[in-house]
Structures are given as structure tokens and as C-alpha cells.
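Below: the structure, in C-alpha cells.
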Amino acid sequence: MASQSHAANPHSRYYVPHPSAWPFALTVGLALIVYGVAGWLEQRQVPTTLLVSAGALLAVYIIFSWFRGVALESEHGAYNAQVDRTFRWGMSWFIFSEVMFFGAFFGALFYTRVLSVPWLGGAGAKLLTNLVLWPHFEAVWPSNGPAHIGGDFEPMEAWGLPAINTVLLISSSFTVTWAHHALKDNRRGRCIAFMLLTIALGATFLGLQAHEYIHAYTVQNMTLHSGVYGSTFFMLTGFHGLHVTLGTLMLIIITIRLALGHFKPDHHFGFEGVAWYWHFVDVVWILLFTFVYVL
Amino acid sequence: MPNLSPAAARALRRLIAPVLAGSCCAARAADTMDNAYWNMPKGVTQISHEVWWLHMFAFWICVVIGIGVFGVMFYSLFAHRRSRHPVPAQFHENTTVEIVWTIIPFLILIVMAVPAAGTLIKMYDTRDSDLTVRITGYQWKWQYEYVGQGVSFFSTLKADANAARQLGSGIDPATVPNYLHDVDRPLVLPVGKKVRFLLTSNDVIHGWWVPDLAIKKDAIPGYINEMWTKIDEPGTYRGQCTVLCGRDHGFMPIVVKALPEAEFEQWLAQEKSAAAAGTPPAAETPPAPAAAPSSSGSAPGAAADQPAAVDQPSHDP
Amino acid sequence: MAHTHADHAGHGHVHDEHAHGPERGIMRWIKTTNHKDLGTLYLWFSGIMFVIGGLMSLGIRLELFHPGLQYMDPETFNQLTTMHALVMIFGGVMPAFVGLANWQVPLMIGCSDLALPRVNNWGFWILPFAFTLLLSTFFLPGGAPAAGWTLYPPLVLQTGNSFPLLIFAIHLMGISSITGAINIIVTILNMRAPGMTLLKMPLFVWSWLITAYLLIAVMPVLAGAVTMLLTDKYFGTSFFNAGGGGDPVMFEHIFWFFGHPEVYIMILPAFGIISTIVPTFARKPLFGYASMVYAMASIAFLSFIVWAHHMFTVGIPLAGELFFMFSTMLISVPTGVKVFNWVATMWKGSMSFETPMLFAIAFIFLFTIGGFSGLMLALAPVDFQYHNTYFVVAHFHYVLVPGAVFAIMAAIYYWIPKWTGVMYNETLGKIHFWWSAIFINVIFFPQHFLGLAGMPRRIPDYAVQFTDFNEISSIGAFLFFIGQFIFIYNILRCALFRKGLKPAAARVWEGAHGLEWTVPSPAPYHTFEDPPQEVDTETPWVAGHPAVAH
Ligand code: HEA
Ligand code: HEA
Ligand code: CUA
Ligand SMILES: [Cu+2]
């Protein structure tokens, strides 16, 4: 095993990189973006477009160079087994932080469904809240609240597009695993084929979700403004969609790297990290499908 | 820990005597502390007495534990300093003492938790009230509404205090009676009756607190919180808004005037006839929309969709 | 194998890497990936923020010196309170602890750097940008955020131009904390010298392992919470609006799910520091190493299920109230174990009282007092009287200032000889200690009385019966602050003007054990590029270690 040969080799030190301007530049990019967006939100006299696009360009350029640098270092064998373990731990904890981020929005969904909406309808100790403040409100889910914010809407249906999307994402988890096996068996062509399939599934998912959103806004009158139902729905599925987009981009980059001949059958954490991320996105979707659509 | 115990025992004996003596004196002193301005007021309700007792109980437990722990620590700092105790012992583990000092604090906690839970349960029991008052918080005043009586009014900071509190007013607050603790129209309540409060807010979260009644609750826009009190003694009891609610959070006092029942009935009848005669009580003027503090941006989602709480008919279930 | 080639190439490369020293001039600091440089940067940053946050607290204390409004309008006062807390917590205490971890964790576990050095640089440099954005809001029309550091809606939604900058600054701080925490946790899990099992790690490292876990778990939740504020204000969502089915109280739940673990994030590294310093100066192994670890783990676990003790008055149902009361009280048990273990470590030791030890002792004493008031606050029915009064302000300043901040000062005194290679001035250190220990109590002890007597927090003006204690508190605040310049002078001399100072030995304190004392002082730019030998990694607290046998 390669890892053993690394560990046994006393000269294989942990890789400590050169000083680097990437992180600082990335921060400059981020700061420009948020300053621009903040100005736009408050309609302040700042060159919003300029700030945001300059920041975004810088950030994208840096992220690209940074990851490219890491890929090159990896391909040059700078990383020993310990560095590999660092990436594994690092990615795992990063995914954990993402889980907690989604946790906040799932928390909001459960709180509104289980507590606040029933309370407004007079459940439990909050009978008077209903009788005094919202006398005509009946708690049912989906709800846009006693003030009927956003007006009548048609809730989302689970067994149409969302069910298809579920199938797509679950399949894509399989295809990415098959790709992984192919890589381990050193069958690169097969691996790339499965990766392309995974990317296609991800892209189709995104396309269908876009269609679902457009339908919701134009036909169902189901928007971010539709009370807590609209809020939790669009925030949860929206952030998920963002993560799918990111995941798809990552898959594309990994596929390009595969085509460039990167990765070894026994040394390919870049691939695995992206696969983990993809599985994470998939699991979140299954939770979403269950709690946002079905139940 | 055998190699520790003789010294510990000696230290303990030295400590316990003054601790006991000290706490006896102090406990007596504490009884006279209730109205002092450095301690919690004992208040004028049964609940407030219980709360005060719990407060002092927890306090003295902490004092005793503190004297014990710090006593040992300062004794050790003195006796085991390098000049007196040049060769350090090397023990560093003893499962028995670890277990002991896990279990003893746990038991002490139970001793505190039980009466606290009892009082809490009583505070939550709003059933069987004789009178219901609805309290609504506004930026920055209170509205009181005697449910089912047709009496309702606003209560704001007294004018003299309001003048004195302006930036650089030149008025010495010490010359204003009950500076920041007085209002134009106090909430009038009967003594000896169980009064239930329905608390809500028209804009942001406020907090309604009168220390002498030992009740404090947040006024949440769109929700009703309940609490109750039963005042034992007539008098005037003062408090303030306790949740940061914007610019004038410090300037929305609460005053409760507790009257003997007969006087209260008389007052209520007067108010009712005044309301009937059309003397515009404060409540009839629609409340000014909550002004956003200095900032230009306000909350579109939040403010626009607030229930017009005052317009809703009151149901007394 | 195909691998060998890459290996050789890699090694040549790797050796080159290690040949590099720091870059020249400002670029050294902008581009550095070195944990010592970044530790230094974090500590500088934190020091600057402490001074800014301290100045804001002086503004608060100035206005509260007398009743009536003398110096600022109420809105400005609220801005100062809000920004004081945000700056102190996110700019002062947290970066200081991260800085200490940067310096010490690799030295204590025997590795060459943090696991992800470039990410480390990123995590640091986000902070100056985030705080520039945040502090710049003072100059916007409408001023800085003024809704309290707890950012409760609907009030916070009334914030003006500064609102999005507030939210984005918090997002940036979150990225910084999360990347920093991932880095530290991975370093600890992956980079320990051979033979250093988890239960042989120095306690400071343990405390950071647990803290990093808490950070990764709760900072994303804060990010989620403020994101919902953002969409409620600008995109028409109704998370915190009853009319749409939401609830302002829901924000409080999410916020305190973050906020309560956050306060332990600010105290666990302090526990680790005290557990390092006390054995050194008692010349005796730490008492109850394993129980210290378990206690910290229990505190971390419990910290996730107590959050609503900040919300006893919001009207949660009785069962919830009772649950949160009991769980909160339980935290006293593991915390007590820690206090008892520290005292038992001192017991029969051979103590000397250098400045770090003095601060550690003051920590134990004053933090415990803060803990006691915390326990009183935990009793829900009594909290109705305490809540949002100066009693709470007194509680949390006792755990935060003579707690967290004193621990940071103790750590700096303790390790600065290792960092700079020179001893600080012990006499000035002692003066600084006594000055701080006295005036911290002058500031915050009277606030207990104020709160009990009925003075709410977050008010710019108060009823006249509160005047005396406020005057005392304000005088204490000014004197305490002035005294900190002794500290600043003392450490600036070590850091920048070393001429004439006494050089420090490798093992600075005779009673100190651990890997960091096996490298020279100042610690060279690169240390432990090859992991140290196994025997050195035994912590001396473990029986049978040569250091233990006198
Ligand atoms: C470092 C930060 C820190 C720490 C460590 C703590 C520790 C504790 N805190 Fe504190 N707290 C804050 C920071 C902190 N807190 C802040 C910032 C706020 C206000 C936030 C805001 O509103 O702005 C706050 C507010 C706060 C409240 C809400 C008050 C209110 O708003 O009404 C409560 C209520 O329960 C509370 C409780 C506790 C408890 C029980 C502990 C316990 O962990 C303490 C345990 C320690 C001991 C008890 C002492 C040692 C133990 C022994 C010697 C053993 C024997 C003892 C006994 C059995 C009694 N805290
Ligand atoms: C860690 C956190 C922290 C720290 C250190 C402090 C420090 C101080 N605080 Fe603060 N405070 C809070 C956290 C903190 N506070 C919080 C969370 C609130 C609640 C806000 C809200 O209501 O929303 C609050 C609120 C608050 C209030 C109540 C305001 C109100 O309710 O309106 C007051 C009033 O007196 C006050 C005073 C002070 C004073 C006088 C100090 C002094 O101790 C300050 C003195 C200066 C220092 C301690 C810094 C010195 C250190 C150095 C110079 C070190 C250099 C370091 C390195 C080189 C690394 N604070
Ligand atoms: Cu109303 Cu504070
Ligand atoms: Cu807490």
C-alpha cells in the first residue's frame, strides 16, 4: 500500500506550503462582493455591479488557481499519507458544518410546523393567541399564516417532478460510486463515462428544479412571500439547489482532471472528496423530499 | 484520599466554625435586607416572597460552597507555597474523591431544583382569575385594556421626566420625583384579587416587569403570553420595559397602583362612565404607527403584516 | 511502482519547501502560512479589538456615570452596547484563543504546522476585513447596528443601512471560525507525534479539540439564523413574523442554540490554559487528568441542551421551562469537578506565584463567582427577577473578563518567553495583576446589586436610586482600562523592543512540562519538522513518566 510506504519512509515530511497570496486575495474578493451586495440591498450609492463583478472575478480566479495548485502539488507527489488523512478529516468536518447549516433551516421548518403554526391556531398553552389575536385562523400545513401572506397559493406536489428528482439524485449516488469502483480498478474510460452520467443526472435535476420554481411562481402563486411555507420551502430547496450546483461543478472539474490523467487507483482523494460531497447533497435531498414534500 | 485527609480535616474544622457563625449572623442581616437597594425586593405577593426566598436560598448555598472551596484554596496557597512546602507531593488521581465531588453538588442541585420547580408551576397557573388585563407594548409606551370592561388607555413616561431625560436638557434628574419610574396613567389593580395579564406587542418585543410583583414576561408581537398576580398590599409599584426595543427602551416605565377592592371598583366605574360619555380615553385614538428609530429602512415583511391587535374584538374564554 | 517516481520528485520538492524562511516586509504577514506567524497575527488583531471594544465599554460607562443623558443620544448608546459585545466576543476573545491554539497546538503535540496552512492564513485574514466592514457601519447614515448582540427580530429588522453589512460581517466571521476550527481539529486528530495518544495530550489541546467541535457545530447555525434575518428583511420571507406563521421567538431559539455553546467556546480554552498553568507553578501533576477531559466533554454535550435558559421569560411551555432549568443546573456538576481538581492540584504542591499563576488563581476564584451567579440565573422562577437586569451583566462579565480575558492574559505571560525568547518584566506583571484583579471587581461587583435592585440592562439612563453603584462601576472601568497599558507595554517590549531584556531558557518555568519546552526560546521559525521521539510525548501527568518521579 502506498500509504504504508509513505509512513515507513522517515524522510516523508508533512507538506508545508510556500507562503501564498491566494487566501488574502480570496478575502479581498469576498469583501468586495459582500460590500457590493450590501450596497445593492440598501440601495446605497455604491458602484454595486462593479464591486460585485470585480469581487466575483477575483474570487473565481483565486479559487481556480488555488485548487489547481493543490492538484498540481498532489500530482507531483508532494502529499504523503498523512496529508491525505488531513484532507479526509478536513472534508468530513466541512461536510459536518454544512449539515449544521442545513440544520438551522430544518429547525425552522420543524419549529413552524410543530409549534408556531399550531400555536397561532390555538394549540397547547397558546389558546388565547388564537382567540384574541387571530380568531379566524385554523392551523393546517401548508400555511402562509393567519395574515394569509402572499395570498392563496397551491402547495407543492410530491409525486410529480420532486419524485422524479429523487430518483435522479439517488441514481446519481450510484453512478458516482460505480465511477469510483472503475477508478479503483484502473478503468479510466468507464470511470469518465459514469462521471458524465452523474453530471448529466445532476444537471437534469437542476433543470427540473428550475422548472418547478418557475411553475411555482407563475402558476401556483407559491413564492418566497407565501408565509412560512414559502419561506421554508424556498430556503431549504434553494440552498440545496445551490449545493447541487456546486457539486455538479466539482464533478465536472474532477472529470476534466480524470481526462487529463490525474488520480491513481490508490491515490485519488480529490475524487473521493467530491463523491462524499455528492452523497451528502443526496442525503439532504432525501430528508427534504420526506419533510418538505411528502409529510 | 488518605494522604490528604488529616490536613483536610484540620482545615475543615478551622473553616466550619466561622462559616456557621458567619452565616447565622448574615442570615439575620439578610432579613433586614429586603428593602435595601442592593438586594431583590421581597415584594408584595405570595409568589414574590417565594421567589425572594429561593433567591436567598440559592445565594446562601453559593456562599457556603464558596467559603468551602475558596477556604481550601487559600489555605493551600498559604500553606503549600514554596517557602513553606518545598517538596511537592506527586499524587494526581483519586477516583473516590472524584465521585464524591460529583455526587455532592448533584444532591445540592436537587435541593434547589425542587422548590424552584414548585414555584414555577404556581407561576404558570393562570386559571380562575378575577380580572383580565390585556397589555400591549408599543415603541415606546404601554396600552392597558380591562378585558370585557370597555376600559383601555395608554401609559407613557411622565412629562417632567421626559423633559429631563433629553440629551443635554440641563435638568437634574434628582429633582424629578421617581425619575424614569413614573407614568402619566398607571395601571390600576385591585388588592387581593387574582389578576391575569394577556401580554402582546404591536411592533417589536418588549418586556413587562414589576419587581415587587415578581412577574416578568416578554411581549411578543403576534402572540399572547399569560401571567398573573395577586397583590397583598395597596401601594404603588414601579418597573420598566426589560427587552431592548429600540431608541427609547429605557423610557417606557410601568407603574401599578394597587387599590383596595372597593376603591378599585369605584375607579373602574368612573372610567367606564367616562368612556361611555365619550371623553376620549387614550385607546380611542388610533395608535401612531411605530416609528422606526432614526434609520430609514424599516422591516417591510415584519411591520406591514402585523395584526392590528387593538382592532380585534376581545374574547374572554 | 508508479509511485516511487512521484515520491522522489515529491521529496526533492518537499525539502525545498522547508528551506524557506519568512518573506520580507509586509508580504511576510500577508502571505504567511506559518502557524507561529499566524498565531502572532491573531493575537495582534485580538489585542487591537480588545482596545476598541474596551473603548466602547468606556463610552457606555461614561454615559452611565450619572443619571440623565450627558454625552450621547440613546441610539448611539445602543450602538455602543451592541458593537462592544460583538467586538469583544468575535474580535477579542475568540481570535485570541485561536491565536494561542495556532502557536501552541503544534508545539504541544509535536508537529510542524497546522494541518492546512493556507486555509489557516485565509481564516485569519478574513477577520480584519469582516471587522472593517462591521466597524465602518458607525460612519453610515443611521449608524451602527443597535439591537443588541443577540440581534432579536423584529427590532433588528429596523436597522438601517448597516443591516446587510452586519449580516455579512457575521457570515465572514463564521467562515473564519469554521475554517480555523476545522484546521485545529484536523491537526489534533492527525498530526500528533507518535506515541501521543488522545489521553496523553496536554489539556490545552484537549480543550481546543472540544472547542473546535463546538465551533463547527454552531457557527453554521448562526450563519443560518442571520441568513433568515436577511431574507425576512429583503426578500419577504416570514420566518420571524407571526402573520405569516412564523415566530420572533424562533429566532431566539436558533440564536441561543448557537449562543449558549458559544459562551463555552469562550471558556473551554481558558479551562485548558488554567489546567496547564496551575500544575507548572504548583510543581505537581494536574489532579484528575481523565476526569478533566470527561468534564469538558460533558460540558460540551450539555451546552447543546440548555439554550432556552436565556429565554425563560419568553413564554415557553412549562415542560420546556422545567427541562431547561434542570439541564442548565446540571452544568454546575462538571464545572465544579474542574474547580475542585484545580484546587486539589494546588493542594500539597510547592507553589510559587509568578504572574501567570496569579492570573490563574484569580481566574479560579472569580470565574467561580460568575458560575455561582449563573447557577442562580438557572433557577427559572428567580430568573424572572434577574433576567435582563445588571445581575445578568455582572454574571457574564465575571465569567468573561476575569474568566476568559484573565486566562488569555495568563497564557500570554506564560508563553510569551517561549515566543519571543525574552522574559517579560515580572514586577510590572505583578502590578498589572493586582491592578486588574482589584478594579475588575470594582467594575462588576456593584452591578450585582444594581440588577437585584431593579436596574435593567441596555438602558442609557436610569432612575436616580441606582446612581451610587453606577458611579463606582464607571470609576472601576476607567481605572481597569488604564491599567491594561502596563500589560500592553510589557508585552510590546517582549515582542518588539527586546534590547536589555533577560533571555528566556528553553524550559522557561522550572515546573513546566511538555514538548513546547524542549525547543529553544524563541521557538525557531520551523519546529518539529520531524516528529519528536516517543518518550518526549508522554505527558508528565501520567504516572511512571520520568518527569513525575521528582
Ligand atoms: C464564558 C461565558 C459563560 C459561562 C462559562 C457561563 C456559565 C454559566 N451560565 Fe451564563 N451567560 C453568559 C456567559 C457565560 N455563562 C453570557 C454572555 C450571558 C448573557 C448573554 C446575553 O443575554 O447577552 C449569560 C447568561 C446566562 C443566563 C441567562 C440569564 C438571563 O438572561 O436571564 C443563565 C441562566 O441560566 C446563565 C447560566 C449559566 C450557568 C448555569 C453557567 C454554568 O456553566 C456555571 C457553572 C459554574 C459553577 C456553578 C461554579 C463552579 C462550581 C462549583 C464550585 C461546584 C459546586 C457548585 C454548586 C453545586 C452550586 N447564563
Ligand atoms: C468577552 C466579552 C466582553 C468583555 C471582555 C467585556 C468587557 C467589558 N464590558 Fe462588556 N459586554 C459583553 C461582553 C464583554 N464585555 C457583552 C456580550 C455584553 C452584552 C451586550 C448586549 O447587551 O447586547 C456586554 C455589555 C456590557 C455592559 C452593559 C451595557 C448595557 O446593557 O447597556 C457594560 C456596562 O457597564 C459593559 C461594560 C464592560 C466593561 C467596563 C468591560 C471592561 O472589562 C473592558 C476593559 C478592557 C479589556 C478587558 C480589554 C483589555 C485587554 C487587553 C488590552 C488585552 C490585550 C490583549 C492581547 C494582546 C491579546 N459591557
Ligand atoms: Cu419596550 Cu424595551
Ligand atoms: Cu447560556
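By the side-chain hydrogen bond (donor to acceptor under 3.5 Å, both in side chains) test, Arg88(A) pairs with Asp84(A), Glu272(A), sequence neighbours left out.
Among Leu116(C), Leu189(C), Ile175(C), Thr179(C), the residue with the largest count of heavy-atom pairs under 4.5 Å with chain A is Leu189(C). With chain A as the partner, the residue from Phe163(C), Phe251(C), Tyr213(C) showing the most heavy-atom pairs under 4.5 Å is Tyr213(C). Most heavy-atom pairs under 4.5 Å with chain C, from the set Gly121(A), Gly103(A), Gly90(A), Gly124(A): that is Gly90(A). Among Ile254(C), Ile126(C), Thr32(C), Leu114(C), the residue with the largest count of heavy-atom pairs under 4.5 Å with chain A is Ile126(C). Comparing Trp66(A), Tyr229(A), Phe137(A) by how many heavy-atom pairs each has under 4.5 Å with chain C, the most go to Trp66(A). Counting heavy-atom pairs closer than 4.5 Å to chain A, the top-ranked of the candidates Leu140(C), Asn120(C), Asp37(C) is Leu140(C). Listed options Ala38(A), Ala104(A), Gly107(A), Ala31(A) were ranked by heavy-atom pairs under 4.5 angstrom with chain C; first place goes to Ala38(A). Of the listed residues (Tyr111(A), Trp119(A), Trp22(A)), the greatest number of heavy-atom pairs within a distance under 4.5 Å of chain C belongs to Tyr111(A). For the options Ser136(C), Pro164(C), Ala212(C), heavy-atom pairs under 4.5 Å to chain A are most numerous at Pro164(C). In terms of heavy-atom pairs under 4.5 angstrom with chain A, the leader among Pro128(C), Pro117(C), Ala130(C) is Pro117(C).
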inquiry  = Would Lys36(C) and Thr527(C) count as a side-chain contact (heavy atoms from CB on, under 4.5 Å) here? Give the steps.
reply    = CA-CA 10 Å; Lys36(C) 300 185 183 78; Thr527(C) 38; 2.7 Å; yes
From CA spacing to verdict: side-chain contact (heavy atoms from CB on, under 4.5 Å), Asn241(C), Ile149(A) = CA-CA 10 Å; Asn241(C) 171 15; Ile149(A) 290 186; 3.4 Å; yes
inquiry  = Would Lys126(A) and Asn130(A) count as a side-chain contact (heavy atoms from CB on, under 4.5 Å) here? Give the steps.
reply    = CA-CA 7 Å; Lys126(A) 303 282 185 202; Asn130(A) 181 260; over 6 Å; no
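Here the closest non-hydrogen pair linking Tyr213(A) and Thr237(A) is OH-OG1, 2.7 Å. Nearest heavy-atom pair across Tyr14(A) and Asn190(C) is CE1-ND2, 4.5 Å. The two residues Ala217(C) and Phe304(C) make their nearest non-hydrogen contact at CB-CZ, 3.8 Å.
Listed for the His76(A) side chain is a donor-acceptor partner under 3.5 Å among the backbone atoms of Leu72(A). In this structure a side-chain-to-backbone donor-acceptor pair under 3.5 Å is present from Tyr217(A) to Leu224(A). With hydrogens and angles disregarded, a donor-acceptor distance shorter than 3.5 Å links the side chain of Asp232(C) to the backbone of Phe239(C). Between the side chain of Glu252(C) and the backbone N or O of Pro153(C), no donor-acceptor pair lies under 3.5 Å.
If you measure heavy-atom distances from Phe235(C) to chain A, the contacts under 4.5 Å come from both the backbone and the side chain. With a threshold of 4.5 angstrom between heavy atoms, Ile185(C) approaches chain A through side-chain atoms but not through N, CA, C or O. In this structure, no portion of His171(C) lies under 4.5 Å from any heavy atom of chain A. Heavy-atom distances place no part of Ile167(C) under 4.5 Å from chain A, backbone and side chain included. Residue contact with chain A, scored on non-hydrogen atoms closer than 4.5 Å, is absent for Leu215(C). Heavy atoms of Thr232(A) lying under 4.5 Å from chain C belong to its backbone as well as its side chain. The contact between Leu41(A) and chain C is made by backbone and side chain atoms together, counting heavy-atom distances below 4.5 Å. Residue contact with chain A, scored on non-hydrogen atoms closer than 4.5 Å, involves the side chain of Ile178(C) exclusively. Interface residue Thr231(C): only side-chain heavy atoms are found under 4.5 Å from chain A. For Val218(C), no part lies near chain A; criterion is any non-hydrogen pair under 4.5 Å. With a threshold of 4.5 angstrom between heavy atoms, Ala108(A) approaches chain C through its backbone and through its side chain. Of the two parts of Phe257(C), only the side chain, counted from C-beta on, holds a non-hydrogen atom closer than 4.5 Å to a non-hydrogen atom of chain A. With a 4.5 angstrom heavy-atom cutoff, Ile30(C) touches chain A via backbone and side-chain atoms both. With a 4.5 Å cut-off on non-hydrogen atoms, Phe87(A) touches chain C through its side chain but not through its backbone. With a threshold of 4.5 angstrom between heavy atoms, Asp113(C) approaches chain A through side-chain atoms but not through N, CA, C or O.
Within a 6.0 Å sphere centred on CH2 of Trp40(A), heavy atoms belonging to other residues, nucleotides or ligands number 12 at most.
Side-chain contact between Thr86(A) and Met191(C) is present, with at least one heavy-atom pair separated by less than 4.5 Å. A 4.5 Å side-chain heavy-atom check between Phe106(A) and Leu288(A) finds at least one atom pair inside the cut-off. Residues Phe124(C) and Asn102(C) fail the side-chain proximity criterion, which asks for heavy atoms closer than 4.5 Å.
Relative orientation of the Phe96(A) and Trp93(A) rings is perpendicular, given thresholds of 30° and 60° on the angle between their planes. Between Phe105(A) and Phe239(A), the ring planes lie tilted relative to each other; the angle falls in the 30° to 60° range.
Below 4.5 Å, heavy atoms of chain A meet heavy atoms from Pro220(C), Val221(C), Ala223(C), Gly224(C), Thr227(C), all part of residues 219-227 of chain C.
Defined by atom type and a distance below 3.5 Å, a donor-acceptor pair is missing between the side-chain atoms of Ser162(C) and Thr137(C).
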